[in-house]
J.: 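Here it is: the structure, laid out below.
Counting starts at 1 for both ligands and their atoms, following the listed order.
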Amino acid sequence: MRNFAYESDSDESSTGSADTTPSRDWETPLDSFDTLVVLSNRQPYRHTRDADGSLAVDRPTGGLTAALDPVCQRAGGTWIAWGDGDGDRQVVDENDRVDVPPTDPSYTLERVWIDDDLADTYYSGYSNRLLWPICHGAVDEAKIRPGDYDGYRRVNERFAERVVPHVSGESLIWVQDYHFALVPAMIRERVPPSTTIGQFWHVPWPKPETFSRVPQARALLDGLLGADVLSFHVRRFADRFLTCVEYFLDDASVDWDASVVSYDGSDTQVVAVPLGIDADEHARRSQNLDDGVYETLSAELSIPDGTLLGLGVDRLDYAKGIEERLEAIETLFERRPRWRESVTFVQTTTPSRTDIPAYAAYGKRVRRVVDRVNERFGTDSWQPIVYTESYLTRDQLTALYRNADCLLVTSLADGMNLVSKEFVAASVDETGVLCLSDQTGAHDALGDVANTIDPTDRESVWRTIDDALRMPVREQRVRMRTLRARTAERSLSWWMSTLFETFAAATPDRSISPQGYPTDGT
Ligand code: G6P
């Protein structure tokens, strides 16, 4: 596998923009492996059919796909993911493969088909009605339905089988996220012992008392421990995982100093490597942005001139604390009437997982709060909250970041939150205030310079926003410089090189396999 230079249009938040600008060169030690196979639920490119029958390509929302796409563009290899677009079958070959990116192909996307009934159990059921709320501590949202686990297991099995034809003893298989907890152990049974298996868990890992609500807790841990390297964004998630291993698996041993679990004859290195963004690329885009982009957008969205701008950018998900944030804004206008007609809050959201009742209900609640606040405080010439679910291009989002006086991130739980980093990177004039929930992975590195929000304390949320709006520019600059330096240092390229070095170091020495036979060809 060749070394590669890195570029990104990291895009966790809400826009699926495909307008990528090449970034600086960057080398990473991928040459320890001869093939890269990535597995994720969400695909990086989706083909859809327009009303007139023509095909279109979009890029599904999510930091995971946006971060990994440039890696695969440089490294080549195969990305295996669910083909959920209604035009996906039209473009694949007899092996369900299509070369991507569509405009300049550099790697292979292999699509796995999941019919509606199976998707209901695996994706809308076990993954997003049970694991997502459990991992985000939303126990009231966690639902256990008969058949969901069986669907999850079957899809995990299907993905594991699809990996096998691609793999040699020098391959790196990189499994993504909570949709595939069983996959590492399933793959381990099917591939040469020297194949490296990595897993990145992009969401928080729950506390043992929360995790114990999952009936298959042991099976999930057993599955994940098939990986050679299991990574989380931050140490506290990794430590919670190790605690769960000790709690649930009697026959596993945890070396806390080395952060290694020994289980079933092999070791899993558990690491914390926070996902970053290509800060240079975001800064450059912001620097080069035409003023007209914001002027047009603010006219379209009716953002008034001359008021301060508060911004929220989220997937429409209860874990993001959007409803709580809007209620805090309502309290702010109640308690501090001076802000009426002086600050406008723009909230952009991308509807998500709408088949799941909790998400549909959440969307309704959020829109209701927006209407209420606007009704209570709006005037003929000013709406306190400008709310949009429309698609925004990368340039439009950058224009919002640049013009925002503060960004509000109030997640109740969040693996990382790349929006906060994008805001910081786009704030090239070094002003603007980051109000950041202490429940995000991003807070671990940025919390001491950001304005910390405790999303569980309603009083503190509106007070933090009030403070942010009053912060002198000089203080904004001091904080923003540090935030920008840290974001640039722990960039996406740093994330990739750190992880790939960890994979290379953990490449299994399995000259004697667990089955006891020599595997070095002798
Ligand atoms: C989070 C998850 C990703 C997921 C993304 C979007 O970031 O960690 O795995 O792809 O949300 O959610 P969706 O269900 O639409 O893929």
J.: List every atom of ligand 1 that sits less than 4.0 Å from any heavy atom of Leu64, numbering the atoms from 1 in the order shown and giving each element.
T.: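 Heavy-atom distances to Leu64 below 4.0 Å select 9 (O).
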J.: Donor-acceptor pairs are to be reported for all side-chain atoms of residues 448-455 against protein atoms at under 3.5 Å, with residues two or more places apart or in another chain.
T.:
{"unit_1": "Asp448", "atom_1": "OD1", "unit_2": "Arg486", "atom_2": "NH1", "d": "2.6"}
{"unit_1": "Asp448", "atom_1": "OD2", "unit_2": "Arg486", "atom_2": "NH2", "d": "3.2"}
{"unit_1": "Asn451", "atom_1": "OD1", "unit_2": "Arg479", "atom_2": "NH1", "d": "3.1"}
{"unit_1": "Thr452", "atom_1": "OG1", "unit_2": "His443", "atom_2": "NE2", "d": "2.8"}
{"unit_1": "Thr452", "atom_1": "OG1", "unit_2": "Gly447", "atom_2": "O", "d": "3.3"}
{"unit_1": "Asp454", "atom_1": "OD1", "unit_2": "Thr456", "atom_2": "N", "d": "3.0"}
{"unit_1": "Asp454", "atom_1": "OD1", "unit_2": "Thr456", "atom_2": "OG1", "d": "2.5"}
{"unit_1": "Asp454", "atom_1": "OD2", "unit_2": "Thr456", "atom_2": "OG1", "d": "3.4"}

J.: Is it the case that ligand 1 has an N or O less than 3.5 angstrom from some N or O of Tyr123?
T.: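 Looking only at distances, the answer is yes, because the N/O contact criterion of under 3.5 Å is met.
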J.: Would you mind running through ligand 1 and noting each atom that sits below 4.0 Å from a heavy atom of His179?
T.: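 In order of numbering, the contacting atoms are 9 (O).
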J.: Given that the side chain starts at C-beta and the backbone is N, CA, C, O, which of these parts of Val203 lies under 4.0 Å from ligand 1, counting heavy atoms, or is it both or neither?
T.: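 The part of Val203 near ligand 1 is the side chain, not the backbone.
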J.: Does an N or O from Asn128, backbone or side chain, lie closer than 3.5 Å to an N or O of ligand 1?
T.: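 Among all N and O atoms of Asn128, none is under 3.5 Å from an N or O of ligand 1.
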J.: Looking only at distances, please establish whether an N/O atom of ligand 1 is found under 3.5 Å from an N/O atom of Trp132.
T.: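 It does not: no N or O of Trp132 is found under 3.5 Å from an N or O of ligand 1.
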J.: Does any N or O in the side chain of Asn95 come within less than 3.5 Å of the main-chain N or O of Arg97, such that one atom is a donor and the other an acceptor?
T.: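 Here the side-chain-to-backbone pair does not exist.
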J.: Does His202 reach ligand 1 with a nitrogen or oxygen that is under 3.5 Å from one of the ligand's nitrogen or oxygen atoms?
T.: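 Such a contact does not occur with ligand 1.
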J.: Answer whether the closest heavy-atom distance between the side chains of Trp79 and Tyr45 falls below 4.5 Å.
T.: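 They are not in side-chain contact.
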J.: Counting only N and O atoms by type, is there a donor-acceptor contact under 3.5 Å from the side chain of Asp177 to the main-chain atoms of His202?
T.: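 Checked: pair present.
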J.: Mark yes when over 12 heavy atoms from residues, nucleotides or ligands other than Arg213 sit less than 6.0 Å from its CZ; otherwise mark no.
T.: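 Check fails, neighbour count at 12 or below.
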J.: Any idea which atoms of ligand 1 are less than 4.0 Å away from a heavy-atom of Arg315?
T.: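 Those atoms are 6 (C), 11 (O).
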J.: Quick one: ring pair (Phe, Tyr, Trp, His ring centres under 6.0 Å) partners of Phe248, sequence neighbours excluded?
T.: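 With sequence neighbours excluded, Phe248 shows a ring pair (Phe, Tyr, Trp, His ring centres under 6.0 Å) to Phe211, given in chain and number order.
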